[in-house]
Amino acid sequence: MPGDPLSDVFAALADPTRRAILARLAEGEATVNELAAPFPMSLQAVSKHLKVLERAGLISRGRDAQWRPCRFEPAPLREVADWAEQYRRFWEERYAQLDSYLLEMKENSDEPDQ
């Protein structure tokens with residue numbers, strides 16, 4: 001769905017290079033050159049990854065003379081966590097039902113046959 005912020009965040013997180021860039025930026029601001037250093041790819045390719053992250057709202061770029069540091073913006077990850085939370089509760093309820101069922105089966109198997 002175009003224009004869906006949550007989809008933009010998931011699309012940005014789908015790539016391991018972009019996740020590595022976010023992990024680096026969570027430690028502090030960095031330039032494009034600093035972010036590109038650990039990757040065997042061109043600056044242009046790293047810039048494309050940064051544009052995806054920026055479009056998803058996961059990073060922002062400052063402006064200080066010729067220095068344009070990238071910084072991590074964690075707010076969109078809160079939306080991802082909130083979305084996933086509903087499914088965590090779903091699975092917890094299912095596991096609780098399974099626990100009850102298994103306990104009931106165990107209790108029935110422990111009863112002597114009449």
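By convention here, the first residue in the shown sequence is residue 1.
- Counting heavy atoms from C-beta on, the side chains of Arg61 and Leu50 come closer than 4.5 Å.
- Leu58 has its side chain within reach of Leu13: a pair of non-hydrogen atoms, C-beta onward, lies under 4.5 Å apart.
- One finds a salt bridge joining Glu85 and Arg88 here, because a Lys/Arg side-chain nitrogen approaches an Asp/Glu carboxylate oxygen to under 4.0 Å.
- Counting only heavy atoms from C-beta outward, the side chains of Asp15 and Arg19 never approach each other to under 4.5 Å.
- Between Ala56 and Val9 the shortest heavy-atom distance is O-CG2, 3.6 Å.
- The environment of CZ in Phe90 is crowded: more than 12 heavy-atom neighbours from other residues, nucleotides or ligands sit within 6.0 Å.
- No continuous path of hydrophobic side-chain contacts links Val46 to Val52 [ILVMFWY only; heavy atoms under 4.5 Å].
- In this structure, Tyr87 is a member of the same hydrophobic cluster as Val80, with clusters built from ILVMFWY side-chain heavy atoms closer than 4.5 Å.
- At a threshold of 4.5 Å between non-hydrogen side-chain atoms, the residues Arg24 and Ile21 do not count as touching.
- The main-chain N or O of His49 is never found under 3.5 Å from a side-chain atom of Arg18 such that the two would form a donor-acceptor pair.
- The neighbour count for Trp91 CH2, taken as heavy atoms of other residues, nucleotides or ligands under 6.0 Å away, does not exceed 12.
- In this structure, the separation between OG on Ser109 and CG on Leu102 is 10.5 Å, given to the nearest 0.5 Å.
- The two residues Arg55 and Asp8 make their nearest non-hydrogen contact at O-OD2, 4.5 Å.
- Contact of the Cys70 side chain with the Leu35 side chain is registered, since non-hydrogen atoms from C-beta on lie closer than 4.5 Å.
- Rounded to the nearest 0.5 Å, atoms CG (Leu22) and CG (Leu53) are 5.0 Å apart.
- Taking each heavy atom of Glu73 and Gly57 in turn, the nearest pair found is CB-O, 3.3 Å.
- Considering every non-hydrogen atom in both Phe72 and Leu25, the closest pair reads CB-O, 3.5 Å.
- Rounded to the nearest 0.5 Å, atoms OG (Ser47) and CD (Glu54) are 10.5 Å apart.
- No side-chain heavy atom of Phe10 sits under 4.5 Å from any side-chain heavy atom of Asp4.
- Here the side chain of Glu79 pairs no donor or acceptor atom with the backbone of Pro76 at under 3.5 angstrom.
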